[in-house]
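This report concerns only the one structure given below.
All values reported here derive from a predicted model rather than from experimental measurement. Quick note on labels: first sequence line is chain A, next is B, and so on, each numbered from 1. When reading the values below, keep in mind they use all heavy atoms of this one structure, side chains included, and skip hydrogens, waters and symmetry mates.
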Number of protein chains: 2
Amino acid sequence: MEQKELSHYLKKLREAVRRRGLKHSQQREAILKVLYNAACHLSPEQIHQEVKKECGSVGIATVYRTLAFFEQEKLVCTIFFGNEGKKYELNRGGHHDHLICIECGKIVEFFDDELEKLQERIAKDAGFELLSHQMNLYGRCRECSAVSCQRS
Amino acid sequence: MEQKELSHYLKKLREAVRRRGLKHSQQREAILKVLYNAACHLSPEQIHQEVKKECGSVGIATVYRTLAFFEQEKLVCTIFFGNEGKKYELNRGGHHDHLICIECGKIVEFFDDELEKLQERIAKDAGFELLSHQMNLYGRCRECSAVSCQRS
DNA sequence: TTATGTGCAAACTCTTTGCATTACC
DNA sequence: GGTAATGCAAAGAGTTTGCACATAA
């Protein structure tokens, strides 16, 4: 999948703001930048920390309000990671699912076409019109498996 | 899958209690009964309501402590339903996943062998030792799809 | 009798809301 | 200038913890 530039997402944000008759704000752009630069999925608290580095004083309330707005506008994807709660990532257009290491917390993204088709079939068989899904696979990554072998 | 009786699960509970050198308690059995009789996945608050009907005064703290214990002992399965938070169901032994209607909240359980195998393959390809997974499919059920057709 | 289990209330975490002030158009 | 956006603090929801008392072994 081709990497899009930050300006692409800033443009989408400005369009969404205009469409809804809202006003531009520095904070929304700053939060979008943080999400763009993030290597992984961030919690609201983590986003708050990052945005403060860039934008001085930013309230956590603004982070929550902005994330809710981004979610509605599909600028971000929300993922629930078990006990770790909601996390956010920039919606770069490519749907994917997650493998999560229960030892070190590493998250690996993957996409599997066969899986997507299978889900469609399952939903159809149950009479459901499928809109979205979330699949998390929990396990031990290669490194952590190796470590636990050494221990035992 | 054959339906097991309540006594089967009570026995498992008593074994777990003995194994850990703990003491029997009425509240734990009452909570187990509630889970056994539940038609669907219950939130801690719902479990609390049900247990109070049967057992007079039961603290919400006891419900949380007991659910944590049941979870460790694999007597219950925990499911995260998006914004609705953690829910619990008795572990009846048969793993399954969930289809969730975003209109009416209906939850349909399903099991698909092909899906299980596919997950194993995906995890293996990524070097993960798969321990568990959760897959939720979100969509509109047959009834709700029909209603929204009428509206439009 | 002694350790575990419980209920209650307080504490804590995460998230949302009200309101005065600031920033955008 | 008018309206939306923000920061702060307070309020809520959900969950956990401390402690005195109750209860099982």
Side-chain angles (χ1 to χ4, degrees), chain A residues 10-11 13-34 41-73 75-76 78-88, chain B residues 10-11 13-34 41-73 75-76 78-88:
Chain A
L10 286 172
K11 199 176 148 200
L13 170 56
R14 281 185 216 117
E15 279 168 9
V17 166
R18 201 175 326 118
R19 194 181 330 116
R20 306 233 314 215
L22 302 178
K23 288 175 185 170
H24 172 269
S25 95
Q26 301 214 317
Q27 286 86 339
R28 281 202 278 247
E29 296 217 338
I31 291 169
L32 187 74
K33 274 180 211 168
V34 166
H41 316 77
L42 299 178
S43 67
E45 188 52 44
Q46 288 172 315
I47 294 167
H48 186 214
Q49 292 306 321
E50 289 301 312
V51 175
K52 276 200 288 191
K53 284 181 199 164
E54 208 174 295
C55 202
S57 103
V58 177
I60 185 75
T62 298
V63 173
Y64 278 104
R65 283 187 279 236
T66 301
L67 289 173
F69 173 69
F70 284 4
E71 210 176 346
Q72 283 175 22
E73 294 295 330
L75 288 163
V76 293
T78 312
I79 308 123
F80 294 88
F81 289 117
N83 287 307
E84 299 185 29
K86 248 183 176 180
K87 297 199 175 183
Y88 295 85
Chain B
L10 287 173
K11 198 175 146 199
L13 170 56
R14 282 186 217 114
E15 281 168 8
V17 166
R18 202 175 325 121
R19 194 182 329 116
R20 307 236 310 218
L22 302 178
K23 290 174 187 173
H24 172 268
S25 96
Q26 301 214 317
Q27 286 85 341
R28 281 201 277 245
E29 296 217 339
I31 291 170
L32 187 74
K33 275 181 209 169
V34 166
H41 316 76
L42 300 178
S43 67
E45 189 52 44
Q46 289 172 314
I47 293 168
H48 186 214
Q49 292 306 320
E50 288 301 312
V51 176
K52 276 200 288 190
K53 284 182 200 164
E54 209 174 292
C55 202
S57 102
V58 177
I60 185 77
T62 298
V63 173
Y64 279 103
R65 283 188 279 235
T66 301
L67 288 172
F69 173 68
F70 284 4
E71 209 175 348
Q72 282 175 23
E73 293 297 329
L75 288 163
V76 294
T78 312
I79 308 123
F80 293 89
F81 289 118
N83 287 307
E84 298 187 28
K86 248 184 175 179
K87 298 201 176 181
Y88 295 85

Can you tell me the distance, in whole Å, between the [atom1] atom of [X] and the [atom2] atom of [N]?
X	N	atom1	atom2	answer
A/Lys87	C/dC14	NZ	C1'	14 Å
B/Phe69	C/dT6	CZ	C1'	15 Å
B/Arg14	D/dA24	CZ	C1'	14 Å
A/Gln27	D/dA4	CD	P	17 Å
B/Arg18	C/dG5	CZ	C1'	18 Å
A/Leu32	D/dA5	CG	P	16 Å
B/Phe80	C/dC14	CZ	C1'	15 Å
A/Leu67	C/dT15	CG	P	10 Å

Verify whether one side chain among B/Gln72 and B/Arg20 offers a donor that lies under 3.5 Å from an acceptor in the other.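 Checked: B/Gln72/B/Arg20 side chains pair up, N/O donor to acceptor below 3.5 Å.
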Please tell me whether B/Glu71 and B/Thr78 have a donor and an acceptor in their side chains that are separated by less than 3.5 angstrom.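 Yes.
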Can you tell which of C/dG7, D/dG7, C/dT2 lies closest to the side chain of B/Val58?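 The listed nucleotide nearest to B/Val58's side chain is C/dG7.
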Minimum-distance nucleotide to B/His24 side chain [options: C/dT6, C/dC8, D/dA25]: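 That would be D/dA25.
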Going 5' to 3' through nucleotides 10-22 of chain D, assign each nucleotide B (protein heavy atom under 4.0 Å from a base atom), S (under 4.0 Å only from sugar-phosphate atoms) or - (no protein heavy atom that close). ----SSBBB----
So, applying side-chain contact (heavy atoms from CB on, under 4.5 Å) with B/Ile47, which one of B/Thr66, B/Leu67, B/Val76 is it?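 Per the side-chain contact (heavy atoms from CB on, under 4.5 Å) rule, the option paired with B/Ile47 is B/Leu67, out of B/Thr66, B/Leu67, B/Val76.
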Can you tell me if A/His48 uses its side chain to pair, donor with acceptor, with the backbone of A/Val58 under 3.5 Å?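 Between the backbone of A/Val58 and the side chain of A/His48 there is a qualifying donor-acceptor contact (under 3.5 Å).
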Is the side chain of A/Arg28 donor-acceptor paired with the backbone N or O of A/Phe70 at a distance under 3.5 Å, no angle test?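 Side chain of A/Arg28 to backbone of A/Phe70, a donor-acceptor pair under 3.5 Å: no, none is there.
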Test log, rule salt bridge (charged side-chain N to carboxylate O under 4.0 Å, His left out), inputs A/Lys33 and A/Glu50: CA-CA 10 Å; A/Lys33 274 180 211 168; A/Glu50 289 301 312; over 6 Å; no
Indicate whether OP1 or OP2 belonging to C/dT22 is found under 4.0 Å from a side-chain N or O atom of A/Gln26.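 No, because none of the side-chain N or O atoms of A/Gln26 sits under 4.0 Å from OP1 or OP2 of C/dT22.
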Does D/dT6 have OP1 or OP2 sitting under 4.0 Å from an N or O in the side chain of A/Ser25?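 So the side chain of A/Ser25 is within the cut-off, an N or O lying under 4.0 Å from OP1 or OP2 of D/dT6.
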First of B/Leu22 and A/Thr66 reached from the 5' end of DNA chain D, by closest nucleotide: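 Nearest-nucleotide comparison on DNA chain D picks A/Thr66.
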Using every non-hydrogen atom in the two residues, find where B/Ile60 and B/Pro44 come nearest and quote the distance to one decimal.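 Looking at all heavy atoms of both residues, the shortest contact is CD1-O, 4.1 Å.
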